[in-house]
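Report on the structure given below.
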Number of protein chains: 2
Amino acid sequence: MNQTNELKSSGLKVTLPRLKILELFQKNLPGAERHLSADDVYKILLGEQMDIGLATVYRVLTQFEQAGILVRRNFESGKALYELNEGEPHDHLLCVNCGQVEEFTDPQIYERQTEIAEKYGYVLHERAMSLYGLCATCQVKTKRR
Amino acid sequence: MNQTNELKSSGLKVTLPRLKILELFQKNLPGAERHLSADDVYKILLGEQMDIGLATVYRVLTQFEQAGILVRRNFESGKALYELNEGEPHDHLLCVNCGQVEEFTDPQIYERQTEIAEKYGYVLHERAMSLYGLCATCQVKTKRR
DNA sequence: CTGTATGCAAAATCTTTGCAGCCTG
DNA sequence: CAGGCTGCAAAGATTTTGCATACAG
């Protein structure tokens, strides 16, 4: 099984909480948000009749991040969101009204970031770029008020 | 007095805590970090023999942000940092080892961000970009270990 | 004097940690 | 069977809020 191996190769024992959480992110159900907070994950699993502790969710998410399975994002919301690590780095466009998250990649910006870090003598570890605004749908809704 | 007027024109009463906090950011002492957390501000003021409450610091920082005097930044550290709002937007390069903060502006990136938001139909409210890495000094230190 | 501002303490959030028992390998 | 894993409860860290008193205008 794919997920089982993914866990094993990260040196993690295969347990129900881990399988379920991994599945949540990999399944990618239509309409399901790719970006989930610890609490989101916790509530979803409770809703699926799982008996799980919030502490376990935090621990698993942290382990998955260290294993490179997930990526942790710090947006302005105040709570961390996790998403599947699909290799290619990307940035986010977030709607301040509905919370929708749009992903995009811009090689030109990526390139400039590298140049800037170099110019300042930094060895770059991470890049984070987020744009906040009103999505098209919410612009209409907001205007109506 | 300049600071007094800055407060008045924001509709805020001129009080000692507000003057002191404003001064802290405007003074820009050599070696002093431009980016301060609520707790940083609190500790500095306590060190100056001021009798102030942490809650007041949080309230004042929030008010200053709403008045456009300060800008709030959410870096990965988990706590918000504030800096003087000097009009022109800029981004940050942070050392993950010593916490040094380097500021930079890149019109090319700024331009691309605008284009991206437009492409996705967003009305942009805010942009946040932070690069994390090892500064030149810390690269040397780290290598020695 | 009136209403805003302050300090203190308590509460609210999000996240981490300690511990005894459970389960994987 | 050993050591990692889990749930629960408690503790931490950061930020917000309620309230009585103090102070600016």
Side-chain angles (χ1 to χ4, degrees), chain A residues 1 3-22 24 35-67 69-70 72-82 99, chain B residues 1 3-24 35-67 69-82 99:
Chain A
M1 199 203 218
Q3 296 171 331
T4 299
N5 288 332
E6 183 143 14
L7 291 178
K8 280 186 181 162
S9 67
S10 299
L12 297 169
K13 286 191 176 177
V14 179
T15 64
L16 191 58
R18 288 182 181 153
L19 281 174
K20 278 292 197 174
I21 292 176
L22 185 52
L24 238 189
H35 303 78
L36 302 174
S37 68
D39 199 56
D40 292 338
V41 170
Y42 179 59
K43 291 205 174 108
I44 292 173
L45 294 184
L46 282 188
E48 293 182 2
Q49 326 304 333
M50 258 205 80
D51 179 24
I52 196 172
L54 182 54
T56 300
V57 174
Y58 274 104
R59 276 184 292 233
V60 171
L61 291 176
T62 304
Q63 291 158 347
F64 281 7
E65 193 207 356
Q66 286 165 353
I69 299 171
L70 298 179
R72 178 190 170 123
R73 309 280 183 185
N74 294 289
F75 297 121
E76 292 197 354
S77 65
K79 44 187 178 179
L81 299 188
Y82 290 82
Chain B
M1 200 205 217
Q3 295 171 331
T4 299
N5 288 332
E6 182 142 16
L7 291 179
K8 279 185 182 163
S9 67
S10 299
L12 296 170
K13 288 192 176 177
V14 180
T15 64
L16 191 57
R18 288 180 181 155
L19 281 173
K20 279 291 198 175
I21 292 175
L22 185 52
E23 187 184 291
L24 237 188
H35 303 78
L36 303 174
S37 68
D39 198 58
D40 292 337
V41 170
Y42 179 60
K43 291 206 174 107
I44 292 172
L45 295 183
L46 282 189
E48 293 180 3
Q49 326 303 333
M50 258 205 82
D51 181 22
I52 196 173
L54 183 53
T56 300
V57 175
Y58 273 104
R59 276 184 292 233
V60 171
L61 291 176
T62 303
Q63 290 158 347
F64 281 8
E65 193 208 356
Q66 286 165 354
I69 299 172
L70 298 179
V71 183
R72 178 190 170 122
R73 309 281 182 184
N74 293 290
F75 296 122
E76 293 198 352
S77 66
K79 44 188 177 180
L81 300 187
Y82 289 83

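Throughout, a chain's letter reflects where its sequence line sits, starting with A, and its residues are numbered from 1.
One can place OH of A:Tyr82 at 11 Å from C1' of C:dC14, the figure rounded to the nearest angstrom. Between the CG atom of B:Leu54 and the C1' atom of C:dA11 there is a distance of 14 Å, given to the nearest Å. Distance CG (B:Asp51) to P (C:dA5): 19 Å, rounded to an integer number of Å. The NZ-P distance, from A:Lys43 to C:dT13, rounds to 10 Å in whole Å. B:Lys13 has its NZ atom 16 Å from the P atom of C:dC1, to the nearest Å. Going from atom CG of B:Leu12 over to atom C1' of C:dT6 covers 14 Å, rounded to whole Å. Atom CD in A:Gln63 sits roughly 16 Å away from atom P in C:dT15 (whole-Å rounding). Going from atom CZ of A:Arg59 over to atom P of C:dG18 covers 11 Å, rounded to whole Å.
The outermost nucleotides of DNA chain D lying under 4.0 Å from heavy atoms of chain B, listed 5' to 3', are D:dT14 to D:dG25.
Residues satisfying the side-chain hydrogen bond (donor to acceptor under 3.5 Å, both in side chains) criterion with B:Ser37, sequence neighbours excluded, are B:Asp40.
Distances from the side chain of A:Lys79 to the nucleotides C:dT17, C:dT4, C:dT15 place C:dT15 closest. The nucleotide whose nearest atom lies closest to any side-chain atom of B:Val60 is, among C:dT6, C:dG3, C:dG25, C:dT6.
A:Tyr58 has no side-chain polar atom (N or O) that falls below the 4.0 Å cut-off from OP1 or OP2 of C:dT16. A sub-4.0 Å separation between OP1 or OP2 of C:dT6 and a side-chain N or O of B:Thr15 is present.
Ranked by how close their nearest DNA chain D nucleotide is to the 5' end, B:Ala38 and A:Ala55 are led by A:Ala55.
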Show your reasoning for whether side chain to side chain contact (heavy atoms under 4.5 Å, CB included) applies to A:Leu7 and A:Phe64. CA-CA 9 Å; A:Leu7 291 178; A:Phe64 281 7; 3.6 Å; yes

Quick one: do B:Lys20 and B:Ile52 satisfy side chain to side chain contact (heavy atoms under 4.5 Å, CB included)? Show the steps, please. CA-CA 10 Å; B:Lys20 279 291 198 175; B:Ile52 196 173; over 6 Å; no

Start with the C-alpha gap between A:Leu45 and A:Leu24, add the side-chain angles, then the distance that decides, and say whether side chain to side chain contact (heavy atoms under 4.5 Å, CB included) holds. CA-CA 9 Å; A:Leu45 294 184; A:Leu24 238 189; 4.3 Å; yes

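The closest donor-acceptor contact from the side chain of B:Arg72 to the backbone of B:Thr62 lies at 3.5 Å or more, if one exists at all. Checking side-chain atoms of A:Ser77 against main-chain N and O of A:Lys79 turns up a donor-acceptor pair under 3.5 Å.
With rounding to the nearest 0.5 angstrom, the OH atom of B:Tyr82 is 8.0 Å from the CG atom of B:Leu70.
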